[in-house]
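Notes to accompany the following structure.
Just so it is clear, the values below take in all heavy atoms, side chains as well, and ignore hydrogens, waters and symmetry mates. Keep in mind that what you see is a predicted model, and the values were worked out from it rather than measured.
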Number of protein chains: 2
Amino acid sequence: MNYQRSLGGDLVRDGSPAASGLSAASFSASELSTAGVEEVERLYGGLADDVRRLIDVTIRSAVDEDRVTQARALVRQAERLLAEQASPEPAGVHFNREGRSWDWGNAVVGVRNAIAPPVVVVRAPDGTVSSEVELGAAYEGPPGCVHGGVSALILDHLMGETASAGHTRVTVTGTLTLRYVAPIPLGRIWMRAWIADESGRKVTVVAQIGAGEVGTAPAVEATGLFIVPRWATDDGVPADIGSLD
Amino acid sequence: MNYQRSLGGDLVRDGSPAASGLSAASFSASELSTAGVEEVERLYGGLADDVRRLIDVTIRSAVDEDRVTQARALVRQAERLLAEQASPEPAGVHFNREGRSWDWGNAVVGVRNAIAPPVVVVRAPDGTVSSEVELGAAYEGPPGCVHGGVSALILDHLMGETASAGHTRVTVTGTLTLRYVAPIPLGRIWMRAWIADESGRKVTVVAQIGAGEVGTAPAVEATGLFIVPRWATDDGVPADIGSLD
């Protein structure tokens, strides 16, 4: 994590332009083939899955100090190995000429991000977007329940994906309103979102999240106003880059 | 992560009552002394810090397959060591007779949860709650920027802490409205929240989050309605257990 503050006060990432604004240039065209993308996802996605299990047991473990010390040494050794060659930059959002896009570091869907469950978004022919995911000990807020902010995090992402209409346009979140109806026990979670209204550059999306099987009563309901930024309505914007959430 | 589905369809955790509702009994009185709590936080908090660095480099690494394979073996070895003795339960929210409370698995502030940055909440004498935190590659949404849902996650938590008025009452999120004004570059983040209004069991909280130094223009503004649940207004409710977020 190498971030520097420029003299002007804007946060900049090492060797990159200031990220204080977003533009079409924020997205990186890549020479990586789709097969190459899938190879990286297999390799590092497996590692991220291992790290997810480590996060979970770090919360639940009750071993003695000696074992924790041993575990820490192993984790640090793994970190050093992986740091031997690493980008100073966050993962970003990339796309290739085959129309494949990837956002490996995304906090909700990033396959290389062990913070992300990750959510796998499913899009129905009618435009409805849905997913099911298992949320364990790392997503806790109230005792035994999903953190209310985690529901907000996941819904914001799902709604952004929905607003982007199958990754055919860029959208940013304008406003997001969440109504908390009931607590969600940790475990299996369902979610769905759909476009309720569209007008010019404004897209209104509605979403729900709940515990257990799809179709049970929603525990949190959300309405979001998403905007197609002016810069994304110009020519030269890469297609198939999805939402900005 | 051992969750089972009961015959009745409610999600239950192994060996625990159904968590489909919350009550005063959701909070666990503990015999652990405050010194004991701090010892666990030192030991496992250090491990969680190591795991946070591992999460970050798992996103940014560019080492070859051999090194990833070695790193995976080390991570799995650490996981097995920690799993030798582990609770099947999530961390929960606990308190002791000395008035100390702890929620080690909380997704925003949990010191044993490597998903949590963790945010360290500061409370001013006037009741204003604030914090500053560094958000790296694992919190990305738009390229180089904090995920909009991560801002929602953090604000929801901060606002819940604010509504709980120094952990003197239990509150749950009723509604949460977020206005996204500008993207937040990854890096140093500030946030603050305060009570705007109180009426009976309803508490209205306002919050802001932004990039860089405290006092710069907020990038996301939020208003939340928090509720003191009826069960928390009865006698016998443990004090000092904070918000339910």
Using a cut-off of under 4.5 Å for heavy-atom pairs, which of B:Ala62, B:Ala78, B:Ala86 has the most such pairs with chain A? B:Ala62

With a 4.0 Å cut-off on N to O distance, would you call A:Glu65 and B:Arg42 a salt bridge? yes

Less than 4.0 Å between a side-chain N and a carboxylate O, is that true for B:Asp56 and B:Arg60? yes

With a 4.5 Å cut-off on heavy-atom pairs, point out which of B:Val57, B:Val181, B:Leu82, B:Thr177 contacts chain A the most. B:Leu82

Assess, by modelled atom type and distance only, whether the side chains of B:Tyr44 and A:Thr58 contain a donor and an acceptor separated by less than 3.5 Å. no

Looking only at A:Val111, A:Val40, A:Val75, A:Val108, most heavy-atom pairs under 4.5 Å shared with chain B are made by A:Val75

With a 4.5 Å limit on heavy-atom distance, are the side chains of A:Ile227 and A:Thr171 in contact? no

B:Leu178, B:Val109, B:Thr223: which one forms the most heavy-atom pairs within less than 4.5 Å of chain A? B:Leu178

With a 4.5 Å cut-off on heavy-atom pairs, point out which of B:Glu39, B:Glu79, B:Arg80, B:Gln77 contacts chain A the most. B:Glu79

For chain A, which candidate among B:Ile154, B:Thr175, B:Asn113 shows the most heavy-atom pairs at distances under 4.5 Å? B:Asn113

Can a donor-acceptor pair be found, under 3.5 Å and without considering hydrogens, that links the side chain of A:Glu140 to the backbone of A:Gly144? yes

B:Glu221, B:Gln70, B:Arg179, B:Glu84: which one forms the most heavy-atom pairs within less than 4.5 Å of chain A? B:Glu84

Which bit of A:Arg76 is near chain B, if near means a heavy-atom gap under 4.5 Å: side chain, backbone, both or neither? side chain

Looking at side-chain heavy atoms only, is the closest gap between B:Trp102 and B:Glu41 below 4.5 Å? yes

Tell me, out of A:Val51, A:Leu225, A:Leu54, who's got the most heavy-atom pairs with chain B below 4.5 Å. A:Leu54

Mind ranking A:Leu47, A:Asp49, A:Thr216 by heavy-atom pairs under 4.5 Å with chain B and telling me who comes out on top? A:Leu47

Salt bridge A:Arg67-A:Asp64, side-chain N to carboxylate O under 4.0 Å: yes

